[in-house]
Engineer: 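Here's a structure for you.
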Amino acid sequence: MGLKVYNTLSRKKELFEPAEPGHVKMYVCGITAYDRCHIGHARSAVVFDAIVRYLLFKGYNVIFVRNFTDIDDKIIKRASEEGISSKELSEREIGHFYEDMTNLKVLKATFEPRATEHIADIIRLIETLIARGYAYAAGGDVYFSVRRFSSYGALSGRDVEELVSGARVAVGEQKDDPLDFALWKAAKPAEPSWDSPWGHGRPGWHIECSAMGMKYLGPTFDIHGGGLDLIFPHHENERAQSEAATGQTFVKYWIHNGFVTIRGEKMSKSLGNFITIKDILKRHNSEALRLFLLSKQYRGPLDYSEEALGEMETALERCYRAIVEAGKVASRPVKKACQREDVQAAESIKTLEALPGQFGQAMDDDFNTAQAIGFMFEAVRALNRLCQAAGKRPCASYSDGLKSGIKTILSIGRILGVLEDDPVQYVRSRDLDGLSALGLTEDEVLDAIIQRTEARARKDWAAADSIRQRLDGQGVALKDTPEGTVWAVKSSAVLP
RNA sequence: GGCGGCGUAGCCAAGUGGCUAAGGCGACGGUCUGCAAAACCGUUAUUCCCCGGUUCAAGUCCGGGCGCCGCCUCCA
């Protein structure tokens, strides 16, 4: 069974067959660089990052383009409000974008082109469209003739006649038809502009993606992605102008991710309910955020809440702690071969061995990361189970099972972009961070442990318990192990 | 009005025709422990918004209804 992908154009899951076997050409609409990115941007970025990682894992050679829109109305407006140039604003926000993406562990794209660096390509494409009769210049603007492109509306499922009623013509526009959209906009006074055959101006929004995409990927891409809201008009227009220019299929598979909502409502600036990536990562671990963003099928809405993210953080920590424990147990010396096979342990080993296959099956079904994560969690439980068996009866086959189990889980995690930190350090730094958040130092805790250990040696359980209860009340749990007493910050204590 | 999506346990969420309806979080009981914690085991949906229909068989397909949401204007 091969990879199946839901295609917005056909509204069906289709078998994924790239134009050139073994190679995937993929374009995802990036940000308009005028403000901080919010969780919605994070979802899109992380979803497509997981897709790229999975395609790479499957052995495809992936050429991935993610653009920056660094010139448009919003940028011009915001820049003038702030009293800086459009360039300064977009540079700053692109910087912020990279900061966020690095923190989210989103892989860099093969090409990350900017609209302003491809003006010549854009002008050439517009000229082609004019030459082919799909576009016309009017008063310094250039418009695309929507009605000339017969399958206009196919992607978004819209009927051209019905679009007419909603279409608007802004003041000063000289469109032949209200449906037509701008490929090139004449410069207004004091706006950034570039010279063109039609006078000074700047590119319309849609044309940049066609121009840059085709420059780096050629006339046909295998995958074109972005948020659901981009389907109309952005991707509809991109498709129209690209196919009009080349006469070839622009995109084989259109992939769109759903929105992040808050309390069931779409995040938006006007509702004031958006949360930036930066703010979230102040309070939450980035891998927990990734896991949360991948915990639901990518096409549906995803409701954000602190609680939901906290749950993922707990689950992630369980994975890390399992790996740490398994690593410890696996490194103990083993004296003998297993006398008799423990049925549970054998089953655990089987579960761990089955993980890659199950994971692949889930991901092959339109990147079902939610199911894939489920399999990963099951494997973690199997690892813990095996860990107990190995702890009781150390033997070579168990510790080998643990070692390969760890390896398997980590390799699967890597495709989702989680469990990439050093497990020992992750757990350790989580505990230390938690401790400082609780206003405690490790020395205080270690002192208390020493006192309690002495009390326990005297079998003074009352004293020992009161020390433990005191720490527990402060958010620190003590755990007595064969190697002595260890401490951990209770996850409930550091969550909001 | 047009287009699209969603409604599965206390909460989140897979599953789109057929063995016992994944998984996470939470809760409860147990194993372990001096007692705990962690981990593990068990329990927590005789049933998938409602009503009809197709089928030997439906959460899964079809029809109708109710509820929620998104797009149709810049938007991940």
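The basis for the numbers below is simple: all heavy atoms, side chains too, and nothing from hydrogens, waters or symmetry mates. First the proteins, then the strands, lettered A, B, ... as listed; each starts at 1.
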Engineer: Expressed in angstrom and rounded to an integer, what is the separation of A:Q358 atom CD from B:G23 atom P?
Structural biologist: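 Atom CD in A:Q358 sits about 11 Å away from atom P in B:G23.
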
Engineer: Would you indicate what A:V47 reaches in the nucleic acid, counting non-hydrogen atoms under 4.0 angstrom: base, sugar-phosphate, or nothing?
Structural biologist: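 Contact class for A:V47: none.
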
Engineer: Once you apply the 3.5 Å cut-off to both distances, tell me the Watson-Crick or G-U wobble partner of B:A58, or none.
Structural biologist: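 Paired with no nucleotide.
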
Engineer: If you measure from the C1' atom in B:C62 to the same atom in B:C68, how many Å do you get, rounded?
Structural biologist: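 23 Å, rounded to whole Å.
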
Engineer: Can you tell me which nucleotide in B:A76, B:C41, B:G34 comes closest to the side chain of A:K266?
Structural biologist: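 That would be B:A76.
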
Engineer: Using distance alone, with no hydrogens and no angle criterion, decide if A:Y152 and A:N237 have a side-chain donor and acceptor under 3.5 Å apart.
Structural biologist: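 Side-chain D/A pair, A:Y152 to A:N237: present.
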
Engineer: Would you indicate whether the side-chain heavy atoms of A:L293 and A:T369 approach each other to under 4.5 Å?
Structural biologist: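 Side-chain contact under 4.5 Å: no.
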
Engineer: Taking NE2 from A:H235 and P from B:C71, how many angstroms apart are they, rounded to a whole number?
Structural biologist: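 So the NE2-P distance, A:H235 to B:C71, works out to 16 Å.
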
Engineer: Provide, to the nearest angstrom, the distance between the CD atom belonging to A:E317 and the C1' atom belonging to B:G24.
Structural biologist: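 Checked: the CD to C1' distance equals 15 Å.
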
Engineer: For the pair made of CG in A:L316 and C1' in B:G23, what is the distance, rounded to whole Å?
Structural biologist: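 Spelled out: CG on A:L316 to C1' on B:G23 is 15 Å.
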
Engineer: Taking the C1' atom of each, how far is B:C6 from B:G15, in whole Å?
Structural biologist: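 That atom pair is separated by 16 Å.
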
Engineer: What is the distance, to the nearest angstrom, from the CZ atom on A:R381 to the P atom on B:A22?
Structural biologist: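 After rounding, the gap between these two atoms is 11 Å.
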
Engineer: Could you tell me which nucleotide pairs with B:U20 by Watson-Crick or G-U wobble geometry, both distances under 3.5 Å, or answer none if nothing does?
Structural biologist: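 No nucleotide pairs with B:U20.
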
Engineer: May I ask which nucleotide in the shown strands pairs with B:A45, Watson-Crick or G-U wobble, both distances under 3.5 Å?
Structural biologist: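 No nucleotide pairs with B:A45.
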
Engineer: Kindly indicate whether a cation-pi arrangement holds for A:K108 with A:Y98, taking the cut-offs as under 6.0 Å to the six-membered ring centre and within 45° of the axis.
Structural biologist: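 That pair qualifies as a cation-pi contact.
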
Engineer: For RNA chain B, which residues of residues 455-465 of chain A approach it to below 4.0 angstrom with any heavy atom?
Structural biologist: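 The answer is A:R456, A:W461, A:D465.
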
Engineer: Just checking A:F259: base, sugar-phosphate only, or nothing, at a heavy-atom cut-off of under 4.0 Å?
Structural biologist: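 It contacts base atoms.
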
Engineer: Counting only Watson-Crick pairs (N1-N3 plus N6-O4 or O6-N4) and G-U wobbles (N1-O2, O6-N3), all under 3.5 Å, who is the partner of B:A39?
Structural biologist: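 WC or wobble partner is B:U31.
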
Engineer: Using a strict cut-off of less than 4.0 Å between a Lys/Arg side-chain nitrogen and an Asp/Glu carboxylate oxygen, indicate whether A:R36 and A:D279 qualify as a salt bridge.
Structural biologist: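 Judged by the 4.0 Å cut-off on N to carboxylate O distance, A:R36 and A:D279 do not form a salt bridge.
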
Engineer: Decide whether a cation-pi geometry holds between A:R158 and A:F232; the criteria are a distance under 6.0 Å from NZ or CZ to the six-membered ring centre and an angle within 45° of the ring axis.
Structural biologist: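 Yes.
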
Engineer: Hunt down the Watson-Crick or G-U wobble partner of B:C3, both distances under 3.5 Å, from any strand shown, or write none.
Structural biologist: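 The base-pairing partner of B:C3, which may sit in any strand shown, is B:G70.
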
Engineer: If we count only N and O atoms by modelled type, under 3.5 Å, do the side chains of A:Y54 and A:D364 hold a donor and an acceptor together?
Structural biologist: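 There is such a pair between these side chains.
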
Engineer: Taking the six-membered ring for Trp and the single ring otherwise, decide whether the centroids of A:F375 and A:F359 are under 6.0 Å apart.
Structural biologist: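 That pair fails the under 6.0 Å test.
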
Engineer: With rounding to whole Å, what would you report as the distance between B:U60 and B:G7 at their P atoms?
Structural biologist: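 Their P atoms lie roughly 11 Å apart.
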
Engineer: Checking side-chain polar atoms at under 3.5 Å, does A:E347 have a donor or acceptor matched by the opposite partner on A:T351?
Structural biologist: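 There is no such pair (donor and acceptor under 3.5 Å, judged by atom type) between the side chains of A:E347 and A:T351.
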
Engineer: Restricting to side-chain hydrogen bond (donor to acceptor under 3.5 Å, both in side chains), what partner residues turn up for A:Q241, sequence neighbours left out?
Structural biologist: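 Here the qualifying residues are A:S210.
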
Engineer: Check this one for me: any side-chain N or O of A:N257 less than 4.0 Å away from OP1 or OP2 of B:A76?
Structural biologist: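 Result: no.
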
Engineer: With C1' as the reference atom in both, quote the distance from B:A14 to B:G23 in angstrom, rounded to an integer.
Structural biologist: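 About 7 Å, rounded to a whole number of Å.
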
Engineer: Just call it for A:H38: base, sugar-phosphate, or nothing, with non-hydrogen atoms closer than 4.0 Å on any strand.
Structural biologist: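 Base, at least one base atom sits under 4.0 Å.
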
Engineer: Hey, which of these two, A:T261 or A:G374, hits RNA chain B nearer its 5' end, going by closest nucleotide?
Structural biologist: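 Between the two, 5'-proximity favours A:G374.
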
Engineer: Is there a donor N/O on one and an acceptor N/O on the other, under 3.5 Å, for the side chain of A:D229 and the base of B:C74?
Structural biologist: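 Flag unset: no donor-acceptor pair detected.
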
Engineer: Using OP1 and OP2 only, check whether a side-chain N or O of A:K479 sits under 4.0 Å from B:U33.
Structural biologist: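 Negative; the distance criterion is not met.
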
Engineer: Give the ring-plane orientation class for A:H206 versus A:F181, where under 30° counts as parallel, over 60° as perpendicular and anything between as tilted.
Structural biologist: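 A:H206 and A:F181: perpendicular rings.
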
Engineer: Will you find, in the side chains of A:H235 and A:H256, an N or O donor that is under 3.5 Å from an N or O acceptor?
Structural biologist: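 Distance-only check passes for A:H235 and A:H256.
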
Engineer: State the pairing partner of B:G63; accept Watson-Crick or G-U wobble contacts with both distances under 3.5 Å, and report none otherwise.
Structural biologist: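 Across all strands, the one nucleotide that pairs with B:G63 is B:C51.
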
Engineer: Heavy atoms only, 4.0 Å cut-off, all strands: where does A:S156 land among base, sugar-phosphate and nothing?
Structural biologist: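 Since only primed, P, OP1 and OP2 atoms lie under 4.0 Å of A:S156, the category is sugar-phosphate.
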
Engineer: What I want to check is whether an N or O donor and acceptor connect the side chain of A:R158 with the base of B:G1 at under 3.5 Å.
Structural biologist: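 No such pair is found, so the answer is no.
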
Engineer: For a quick check of understanding: with a heavy-atom distance under 4.0 Å over all strands, which category does A:L230 fall into, base, sugar-phosphate or nothing?
Structural biologist: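 Counting heavy atoms under 4.0 Å across all strands, the contact made by A:L230 is with sugar-phosphate only.
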
Engineer: Taking any strand in view, what nucleotide pairs with B:A9 in a Watson-Crick or G-U wobble way, both distances under 3.5 Å?
Structural biologist: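 With both distances under 3.5 Å required, B:A9 matches none.
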
Engineer: Can you figure out which of B:C72, B:A37, B:G23 approaches the side chain of A:L163 most closely?
Structural biologist: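 For the A:L163 side chain, the nearest candidate turns out to be B:C72.
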
Engineer: If you assign A:H206 and A:Y6 each to the RNA chain B nucleotide with the nearest heavy atom, which residue ends up on the more 5' nucleotide?
Structural biologist: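 Between the two, 5'-proximity favours A:Y6.
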
Engineer: Taking atom C1' in both B:U8 and B:U47, compute the distance separating them and give it to the nearest angstrom.
Structural biologist: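 To the nearest whole Å, 9 Å.
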
Engineer: Nearest whole angstrom, please: distance from the P of B:U73 to the NZ of A:K74.
Structural biologist: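 Result: 15 Å.
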
Engineer: Select base, sugar-phosphate, or nothing to describe what A:R452 touches, counting heavy atoms under 4.0 Å on all strands.
Structural biologist: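 Answer is base: heavy atoms of A:R452 come under 4.0 Å of a base.
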
Engineer: Touch check for A:G40, heavy atoms < 4.0 angstrom, all strands: base, sugar-phosphate only, or nothing?
Structural biologist: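 The answer is base, as A:G40 lies within the cut-off (heavy atoms under 4.0 Å) of a base atom.
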
Engineer: Indicate yes or no: at least one non-hydrogen side-chain atom of A:K266 is less than 4.5 angstrom from one of A:V260.
Structural biologist: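 When only atoms from C-beta onward are counted, A:V260 and A:K266 do not touch, as no gap falls below 4.5 Å.
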
Engineer: Can you identify which nucleotide, out of B:A76, B:G4, B:C25, has its nearest atom closest to the A:A315 side chain?
Structural biologist: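 Within the option list, the nearest is B:C25.
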
Engineer: Looking across every strand, which nucleic acid part, if any, lies under 4.0 Å from A:Q388 by heavy atom: base, sugar-phosphate, or nothing?
Structural biologist: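 Here A:Q388 touches the bases of the nucleic acid.
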
Engineer: Ignoring hydrogens and angles, does a donor from either the side chain of A:R43 or the base of B:A76 sit under 3.5 Å from an acceptor on the other?
Structural biologist: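 Result: no qualifying N/O pair found.
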
Engineer: Would you say that A:S86 contacts A:E191 through its side chain, given a criterion of any heavy-atom pair below 4.5 Å between the two side chains?
Structural biologist: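 A side-chain contact under 4.5 Å is absent here.
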
Engineer: Please encode protein proximity along nucleotides 6-21 of chain B as a string of B, S and -, counting only heavy-atom distances under 4.0 Å.
Structural biologist: -------SSS------

Engineer: B:C72 C1' sits how many Å from A:D159 CG, rounded?
Structural biologist: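 Whole-Å distance recorded here is 12 Å.
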
Engineer: Once you apply a heavy-atom cut-off of 4.0 Å, does A:R321 come out as touching a base, just sugar-phosphate, or nothing?
Structural biologist: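 Counting heavy atoms under 4.0 Å across all strands, no contact is made by A:R321.
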
Engineer: Using atom C1' of each nucleotide, how far apart are B:G64 and B:A21 to the nearest Å?
Structural biologist: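 Between the two C1' atoms, the distance is 26 Å.
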
Engineer: Could you let me know what B:A14 is paired to, Watson-Crick or G-U wobble, both distances under 3.5 Å, or none if it's on its own?
Structural biologist: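 The answer is none; no pair meets the criterion.
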
Engineer: Could you give the CZ-to-P distance, from A:R468 to B:U33, as a whole number of Å?
Structural biologist: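 Interatomic distance, CZ of A:R468 to P of B:U33: 15 Å.
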
Engineer: For the pair A:E317 and A:R321, evaluate salt bridge (charged side-chain N to carboxylate O under 4.0 Å, His left out) and give the outcome as yes or no after the intermediate values.
Structural biologist: CA-CA 6 Å; A:E317 189 168 331; A:R321 290 193 189 275; 2.6 Å; yes

